[in-house]
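What you see below is based on every heavy atom in this structure, not just the backbone, and it leaves out hydrogens, waters and symmetry mates. Quick caveat, the model's predicted, so the values are computed rather than measured. Chain identifiers are assigned alphabetically (A, B, ...) following the order of the sequence lines, protein sequences preceding nucleic acid strands; residue numbering begins at 1 within each chain.
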Amino acid sequence: MSDDMEVQNFVDIIVDPATEQIQMPNAVPEDYVLEDYTKRPRRVLRRIKFSTESPTD
Amino acid sequence: MSDTSKSSSERVTVRKGDVNNIKIEQCDIFRNIVFVESAIVEGNELLLSEIHFPFAICLSQSCDLESDLRDREKGESDTKGNMVLQIILAPLFPVEQFHSGSHWGDLINCEGVNKKVLDNIIKKNRDPRYHYIRFPEEDGIGPFVADFKHFFTMSRDALYGSMKNRICAIKSLYRDDIARRFANYLSRIGLPE
């Protein structure tokens, strides 16, 4: 099979032979850390200024 | 990459073209989801309010997600309106946080649930508002409680742009159960006492 590549992803990509659907197994990413469980939802407010200056030569 | 999958599916190499077939499925679980709560222009400033969810679960129907991707890939004109703009998600909370009532952090004040309620109601999915998801211990994730009440939507393109944050998918039998319970929760009718 030409042009095959093993997908390098944080989760293995596998194909269900029964349905031929690409599925993600219940495998955690390599960089998954338990610290995630200490995080809570949080609100982040951002203030973004538009530039009102005209470009000069 | 170590093989941590316990799935009965066969691991195969994937052709380059198939990489583009990676699609979001109903009940895929994501981490670090950024939800834009509001965007308000004031003078020459944009005031952006975001809520960052450590974990979230996709609740949009798989058929909608599939037809969206299919039509976009084929480049068909959107005459049937199959392309979705927004994907439904609900926050997921580690069960320990939910038990203590600290799961919303500073956003929403919550009370914890006592162990009896947790074990007999929540973990047995007897409360229509919540769904308890437990994974095999060897998977190293969860368990979680999904809160259907606080579902939100996110831009389809933004969620596809966050695919690196997808943790896992859920097998179809359990997906159907979650989807059915979410639909039941939304269709509940409040009656006066």
Inset, instruction - Go through H103(B), E42(B), E96(B) and name the one with the most non-hydrogen pairs under 4.5 angstrom from chain A. - result: H103(B)

Legend entry - Residue among F35(B), F53(B), W104(B) with most heavy-atom pairs under 4.5 Å to chain A: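 Winner by heavy-atom pair count: W104(B).
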
Legend entry - Minimal non-hydrogen separation, P54(B) against P41(A), with atom names: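 Heavy-atom minimum between the residues: CD-N, 3.6 Å.
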
Legend entry - Where L107(B) and R43(A) come nearest, the two heavy atoms and their spacing: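 Minimum heavy-atom contact is CD2-NH1, 3.3 Å.
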
Legend entry - Part of S102(B) within contact of chain A (heavy atom distance under 4.5 Å):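 Both parts, heavy atoms under 4.5 Å.
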
Legend entry - Side chain / backbone / both / neither for V41(B) at chain A, heavy atoms under 4.5 Å: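 Side chain only.
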
Legend entry - Single-linkage hydrophobic cluster I48(A)~L47(B), side-chain heavy atoms < 4.5 angstrom: no

Inset, instruction - Would you kindly confirm whether L92(B) and V34(B) end up in one hydrophobic cluster when ILVMFWY residues are joined by side chain heavy atoms under 4.5 Å apart? - result: no

Legend entry - Straight-line distance of I51(B) CD1 to L45(A) CG, nearest 0.5 Å: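 Rounded to the nearest 0.5 Å, the CD1-CG separation comes out at 10.0 Å.
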
Atom [atom1] of [X]: over 12 foreign heavy atoms under 6.0 Å:
{"X": "N120(B)", "atom1": "CG", "answer": "yes"}
{"X": "D106(B)", "atom1": "CG", "answer": "no"}
{"X": "R129(B)", "atom1": "CZ", "answer": "yes"}

Inset, instruction - Check whether any side-chain N or O of E37(B) sits under 3.5 Å from a backbone N or O of V44(A) as a donor-acceptor pair, and report yes or no. - result: no

